[in-house]
Amino acid sequence: MPPQGSTIVMPADEPHAGNIELTENTIIVVLGASGDLAKKKTFPALFGLFRNHFLPKDVKIVGYARTKMDHEEYLKRVKSNIKTPTPEMEHQLDDFLELCTYIAGQYDQDDSFQNLLKHLEELEGGREETNRVFYMALPPSVFIPVSQHLKRNCYPKKGIARIIVEKPFGKDLGGSRELQAALGPDWDEQEIFRIDHYLGKEMVKNLLILRFGNTFFNATWNRQHIDNVQIVFKEPFGTEGRGGYFDEFGIIRDVMQNHLLQVLTLLTMERPISFSAEDIRDEKVRVLRCMPPIEPGNTIIGQYGKSVDGSKPAYKDDDTVPKGSRCPTFAAVTAYIKNERWEGVPFIFKAGKALNEQKTEIRIQFKDVTSGIFKDIPRNELVIRVQPNESVYIKMNSKLPGLTMQTIVTELDLTYRRRFSDLKIPEAYESLILDAIKGDHSNFVRDDELDASWKIFTPLLHYLDEHEEVVPMEYPYGSRGPKILDQFTESFGYKFI
Ligand code: NDP
Ligand code: BG6
């Protein structure tokens with residue numbers, strides 16, 4: 001039986017260049033097309049959209065990077081991460097590759113961008129009105145020159161331009177404002193789509209529906225009923241091959257200030273007036289502005305050492321990592337929201353690389369059950385598993401069937417792969433690129449949202465950068481993290497059930 005439900009009412013915003021759906025006359029330019037993100041995520045997502053007929057009619061996809069590649073070499077790269085398990089998909093891939101071309105050029109030279117423009121104009125066949133979507137799959141060091149050269153050389157004379165920018169958006173509040181100040185004069189906020197790919201994940205997109213579409217959740221979603229919340233990100237692999245990048249950023253900048261904070265925002269914001277992009281983002285900014293900077297005292301940091309059996313390397317064994325690096329590969333920090341709904345509730349972020357498993361989840365622990373008729377009855381806990389194996393389950397108390405009055409903790413469980421076994425969950429990047437084509441900004445980060453989120457983390461980040469005596473606690477590769485972790489979580493009220 002197909003899932004039954006209602007449809008979300010989408011408001012009719014005033015149409016403007018930023019929210020018009022691109023249905024034709026469109027070229028997507030992937031800058032940094034020789035890179036890791038383009039290969040692993042961007043091209044597979046574009047193919048996914050193409051085969052499901054979601055790309056604009058007669059779209060063309062142009063790759064751009066410095067690496068010199070001939071057409072065949074480039075196509076090999078484009079398809080290297082695309083899976084085609086059926087003959088039909090093989091054919092679809094052949095059709096997709098017909099749309100793809102590549103131009104090599106520098107990131108800081110007008111000549112190179114003029115060359116790109118010439119190529120775009122050839123593909124556009126002299127059409128007057130053209131839409132161009134620029135996807136910056138590039139390291140942050142070249143965001144600014146590339147965006148400026150694009151504006152100067154490749155901005156359409158008539159038609160719509162969009163620029164999709166990848167994280168990291170700066171390294172702190174100052175850096176983020178610099179980036180903003182550089183993009184601002186050239187690109188209108190409505191033309192900018194700042195990707196945080198967690199906002200494209202199915203379960204993250206479900207958060208507002210779960211909260212506001214269910215009276216029983218909505219009614220208990222506050223400090224009167226919730227004791228503490230954890231937002232957890234665990235990866236079972238280290239920074240292998242990315243040590244150079246990672247050492248400059250660390251786990252807090254890499255996943256916490258962006259991905260996990262976005263999850264927290266959706267989890268805690270007030271009900272938006274509508275599902276329009278601006279109404280949602282207004283509420284997100286409001287809740288972020290209620291969060292004071294995180295206290296260094298409410299933080300622990302760790303760095304992975306070798307695995308217990310010695311088979312997996314320590315973080316510092318990577319040649320691209322400086323020998324005395326203090327870079328955290330693990331952090332647990334507790335934040336608070338000073339508003340009517342959340343005052344006093346600890347929000348504990350935990351994120352780490354080289355841990356014992358892969359998991360991103362939200363754990364909401366409710367307050368103690370009133371005692372009296374019960375002795376030591378455990379708390380309820382709602383778990384929203386973002387990945388892998390998307391699910392929502394509530395740990396609840398029930399009578400153990402039988403002749404005694406014994407209780408047992410059991411689960412009300414919505415596991416997607418059981419309930420929605422015949423539905424495919426789209427990749428986050430598919431969902432977000434489609435939103436950018438449609439002009440839907442709801443799942444992209446707005447400039448004031450970025451500012452508010454950096455304000456929460458920047459003082460802590462500066463403290464950690466500047467205080468050399470603060471060294472991360474070592475934990476073995478493949479473990480649960482630093483030993484002190486459970487004590488830390490318990491100190492904010494979490495009770496292990
Ligand atoms: P890469 O390091 O693979 O860089 C992409 C391309 O940019 C390279 O192929 C290279 O192309 C060019 N490039 C690399 N370093 C420099 C440099 N120092 N100066 C100028 N050009 C350079 O990055 P990714 O593809 O991994 O990431 C791109 C962006 O996406 C980054 O902002 C990253 O943070 C973000 N991101 C990446 C994810 C991933 O899974 N990889 C996940 C989420 C976000 P050429 O030399 O041919 O010009
Ligand atoms: C990226 C981080 O933004 O997100 C990576 O730079 C991290 O370090 C990745 O591994 C996690 O994304 P996902 O979708 O695999 O959870």
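First listed ligand is number 1; within each ligand, the first listed atom is number 1.
If you run ring-ring contact (aromatic ring centres under 6.0 Å, His included) between Y64 and each of F113, Y74, Y102, only F113 comes through. Each of K201, K424, R51, K41 was evaluated against E430; a single residue qualifies, K424, per the salt bridge (charged side-chain N to carboxylate O under 4.0 Å, His left out) test. Only one option out of I384, V392, V204, L382 pairs with I362 in a side-chain contact (heavy atoms from CB on, under 4.5 Å); it is I384. Each of K167, E248, H259 was scored for a side-chain contact (heavy atoms from CB on, under 4.5 Å) with D254, with one residue passing: K167.
Distance remark: protein heavy atom present below 4.0 angstrom from atom 48 (O) of ligand 1.
Side-chain atoms of S325 never come within 3.5 Å of backbone atoms of P322 as a donor-acceptor pair (strictly under, hydrogens ignored). T329 places no side-chain N or O within 3.5 Å of a backbone atom of K353 that could act as its donor or acceptor partner. Judged purely by atom type and a 3.5 angstrom limit, K395 has no side-chain atom pairing as donor or acceptor with the backbone of E381.
Under the 4.0 angstrom criterion for non-hydrogen atoms, Y429 is in contact with ligand 1. For the pair K167 and ligand 1, a heavy-atom separation below 4.0 Å is found.
Those atoms of ligand 1 that come under 4.0 Å of a heavy atom in S34, given as number and element, are 8 (C), 9 (O), 10 (C), 11 (O), 45 (P), 47 (O). Here is the list of ligand 1 atoms found below 4.0 Å of a heavy atom in T67: 45 (P), 46 (O), 47 (O). Residue A137 has at least one heavy-atom neighbour below 4.0 Å for each of these atoms of ligand 1: 5 (C), 28 (C). Taking a cut-off of under 4.0 Å to the non-hydrogen atoms of P168, the atoms of ligand 1 that pass are 32 (O), 34 (O).
Looking at R446 and D448, a side-chain N of the basic residue comes within less than 4.0 Å of a carboxylate O on the acidic one, giving a salt bridge. Salt bridge status for K284 with E449: present, with a side-chain N to carboxylate O gap under 4.0 Å.
There is a side-chain donor-acceptor pair under 3.5 Å between Y315 and D247. No side-chain N or O of Q387 forms a donor-acceptor pair with one of K359 less than 3.5 Å apart.
The protein heavy atom nearest to atom 26 (O) of ligand 1 is D36 CB, 3.5 Å. In this structure, atom 31 (C) of ligand 1 lies nearest to the protein heavy atom L138 O, 3.3 Å. Counting only heavy atoms of the protein, atom 24 (P) of ligand 1 lies nearest to L37 N, 3.7 Å. In terms of protein heavy-atom proximity, atom 2 (O) of ligand 1 is nearest to P139 CG, 4.7 Å. Nearest protein heavy-atom neighbour of atom 36 (N) of ligand 1: E166 OE1, 3.8 Å. The shortest contact between atom 18 (N) of ligand 1 and any protein heavy atom is with S141 OG, 4.1 Å.
Checked against a 3.5 angstrom limit, the closest N/O atoms of R66 and ligand 1 fall inside it. Checked by distance only, ligand 1 and Y107 come closer than 3.5 Å through their nitrogen or oxygen atoms.
When heavy-atom distances to ligand 1 are checked against a 4.0 Å cut-off, V142 comes that close only through its side chain, counted from C-beta outward.
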Show the atom names and distances, to 0.1 Å, of all donor-acceptor pairs under 3.5 Å that link a side chain in residues 460-467 to residues at least two apart or in another chain.
from	atom 1	to	atom 2	distance (Å)
H462	NE2	D172	OD2	2.8
D465	OD2	R253	NH2	3.0
H467	ND1	Y463	O	3.0

For ligand 2, which of its N or O atoms have a protein N or O partner closer than 3.5 Å, and how long is each gap?
from	atom 1	to	atom 2	distance (Å)
ligand 2	3 (O)	K167	NZ	2.7
ligand 2	3 (O)	H259	NE2	2.7
ligand 2	4 (O)	H259	NE2	3.4
ligand 2	6 (O)	K167	NZ	2.9
ligand 2	6 (O)	R242	NH2	3.1
ligand 2	6 (O)	D254	OD1	2.6
ligand 2	6 (O)	D254	OD2	3.4
ligand 2	8 (O)	R242	NH1	2.9
ligand 2	8 (O)	D254	OD2	2.5
ligand 2	8 (O)	K353	NZ	2.7
ligand 2	10 (O)	E235	OE1	3.3
ligand 2	10 (O)	E235	OE2	2.5
ligand 2	10 (O)	K353	NZ	3.3
ligand 2	12 (O)	H197	NE2	3.1
ligand 2	14 (O)	H197	NE2	2.8
ligand 2	14 (O)	K201	NZ	2.6
ligand 2	16 (O)	Y198	OH	2.4
ligand 2	16 (O)	Q387	NE2	2.7

Check against side chain to side chain contact (heavy atoms under 4.5 Å, CB included), L37 and Y135:
CA-CA 11 Å; L37 178 76; Y135 187 113; 3.9 Å; yes
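Summarising the local packing, CD of E427 is surrounded by 12 or fewer heavy atoms from other residues, nucleotides or ligands at distances under 6.0 Å.
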